[in-house]
Amino acid sequence: MSTDSAVRVRFAPSPTGKLHIGGARTAIYNWAFARSQGGSFILRIDDTDPTRSTEENTQIILRALRWLGLDWDEGPDIEGDYGPYRQTDCADLYREAAQKLVKEGKAYYCFCSAEKLARDREAAKARKDSFQGYPRTCRHIDPAEAQARVDAGEPHTIRLAVPEDRGDVVIQDAVHGEVVFNARELDDFIIFRSDGTPTYNFATVVDDARMKISHVIRGDDHLSNTPRQVIVYEALGAETPTFAHISMILGSDGKKLSKRHGATSVEEYQKEGYLPDAFLNYLALLGWSLDGETTIIPREVLAKSFSLDHVSKNPAIMDAEKLLWMNSSYMGEMTDAEFVDRILMPELTKAGLEHDSEPMHEREWYELLASIAKPRCKLSGDVVGIAHFLYEGDKLTYDQKSVDKNLAKEWAHDVLRATTDVLSALGDDEWHEEQIDRAMEALPEKLDLAKRKVFQAIRVAVCGNQVSPPLGSSMELLGKEQTLKRIAYAQESFTQTA
RNA sequence: GGCCCGUUCGUCUAGCGGUUUAGGACACCGCCCUCUCAAGGCGGAGAUCACGAGUUCGAAUCUCGUACGGGCUACCA
């Protein structure tokens with residue numbers, strides 16, 4: 001535990017791929033923890049592996065984090081007092097730190113080749129030895145001799161000398177509680193590769209210590225690495241932070257999340273039409289709960305009330321259905337105006353139905369459309385399918401099945417004729433949802449037909465499908481002229497005149 | 001192989017020794033609303049709390065073991 005009271009947490013992705021769901025949740029927890037504690041959230045790019053890290057991935061990750069609405073206080077693009085914020089810019093720092101440890105006898109040069117080590121490991125495995133790690137061969141080489149071999153250019157790595165008498169490494173994990181490891185089970189692990197680059201367990205600790213990180217919140221896969229890192233902190237003479245290891249996210253079959261489970265990257269969810277707030281809410285709840293009752297948790301509440309002791313220990317299976325529900329729920333909570341600006345216009349424009357420069361209708365028209373589209377959308381793009389019939393003009397596509405079932409009937413002709421009569425009687429200033437509905441109200445009785453028959457016939461005539469938004473509002477949106485035109489066309493083309 | 005972690009309705013979870021006939025959410029089913037589709041309202045079904053011992057007057061909650069799943073054991077992160 002840090003004596004420095006300032007809470008500083010970091011999210012440190014390696015840009016070896018896009019930001020996946022698990023990483024996103026780790027970022028969310030770090031961010032929410034920082035915000036709830038009034039601390040700092042730091043973004044660091046852990047790109048020590050030059051062969052797999054790319055600048056493109058870094059940008060994708062940054063973009064995904066911004067989309068999620070996670071703002072960081074220090075990072076590669078926001079210089080703070082603890083830079084650099086990319087590990088590739090820290091090469092000298094790691095080298096100096098490692099050499100200092102060698103000088104102090106806390107680390108040593110190892111000349112064993114990777115091939116030999118692999119062979120030894122295989123042999124130990126074959127013998128079923130209980131200890132299959134590094135036998136500390138080079139630990140006992142005289143320092144002067146080792147230095148001479150290094151100076152002569154002999155390939156070498158640097159290994160940390162785990163203190164013989166270290167005993168138990170006890171970790172007070174904020175989500176798991178006390179976890180005990182025996183230092184004897186730890187190898188003298190490599191902290192510097194023969195190519196002169198630091199390994200993960202070394203680089204992160206150097207950086208976390210340098211950046212005064214107070215809480216390390218990361219995936220469960222690092223729990224077993226933690227004792228190694230604690231040893232590094234101790235060798236460095238740095239204070240160990242509080243650790244919090246969060247569980248993994250699994251696919252629907254309980255296996256590790258992969259492509260065959262569908263979308264795995266944040267980018268894909270964005271493209272599929274999920275709202276950042278809904279996505280954030282869903283992910284936050286996957287392994288954390290506010291009180292066990294509340295499911296809709298706005299980001300401000302998350303940023304205020306997140307706490308590590310409500311983080312669950314067990315792995316969570318990603319539930320796409322619930323995410324979808326969450327998304328529709330967030331859309332439903334928007335005001336019509338918000339829905340128009342954030343969903344409707346962008347989607348209609350993307351679909352080529354509207355153009356940025358000049359909207360085809362008045363603002364009220366879009367807000368009315370928003371009010372009927374909202375409860376019918378699960379994903380942003382769904383509005384296009386709902387609104388499409390309004391943009392088809394005279395070239396409405398009629399669904400054949402709907403026509404067969406509702407228009408190609410003996411009653412349909414009369415229904416449409418009677419509808420035309422009552423609607424024509426409405427003045428232009430009366431062309432509103434309520435008036436339209438009222439005008440058509442008496443039709444079933446007048447025609448002595450079931451409501452369902454009557455309105456479904458009208459629906460198909462006007463919307464082209466037996467499934468559509470409510471008739472009154474649909475007609476209002478369509479306009480009197482277009483509505484009557486469609487009815488006339490349908491009557492002529494599909495109905496049977498006895 | 002060794003070490004470490006996890007195990008409450010199908011899924012996410014509440015639960016921190018008695019208030020529990022184990023609560024909520026998604027999904028599912030039914031009813032209501034209704035001109036279709038949604039949304040909404042009401043209700044239902046669904047968990048021998050992985051299993052087995054122990055501690056205790058009392059255990060989903062504490063301890064130990066077993067099983068199953070996962071992680072680490074790399075010159076990956």
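The sequence lines fix the lettering, A, B, ..., with proteins before strands; numbering per chain opens at 1.
Here the side chain of A:V467 is nearest to one of B:C12, B:A77, B:U36, namely B:U36. Of the listed nucleotides (B:C12, B:U73, B:C3), B:U73 has the atom at the smallest distance from the side chain of A:R228. Among B:U36, B:U7, B:C12, the nucleotide with an atom closest to any side-chain atom of A:L286 is B:C12.
Within the nucleic acid shown, A:T157 comes within 4.0 Å of at least one base atom, counting heavy atoms only. Within 4.0 Å of A:V180, counting heavy atoms only, lie sugar-phosphate atoms of the nucleic acid but no base atom. Using a 4.0 Å heavy-atom distance criterion, A:T226 is classed as making no nucleic acid contact. A:R121 comes within contact range of the sugar-phosphate backbone alone, with a heavy-atom separation under 4.0 Å but no base atom that close.
Taking for each of A:P198 and A:S224 the nucleotide of RNA chain B with the nearest heavy atom, the 5'-most of the two is the partner of A:S224. Residues A:V179 and A:K451 both approach RNA chain B. Their nearest nucleotides, taken by heavy-atom distance, put A:V179 toward the 5′ side.
Put simply, NZ on A:K116 is 16 Å from C1' on B:A74, counting in whole angstrom units.
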Item to check | Evaluation steps, salt bridge (Lys or Arg N to Asp or Glu O under 4.0 Å), between A:D277 and A:R342 | outcome: CA-CA 12 Å; A:D277 297 77; A:R342 292 179 55 191; 3.7 Å; yes

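More than 12 heavy atoms of other residues, nucleotides or ligands lie within 6.0 Å of CD in A:E55, so this atom counts as buried by the packing criterion.
A 4.5 Å side-chain heavy-atom check between A:D437 and A:M440 finds at least one atom pair inside the cut-off.
No hydrogens or angles considered: a donor-acceptor pair under 3.5 Å links the side chains of A:D195 and A:T197.
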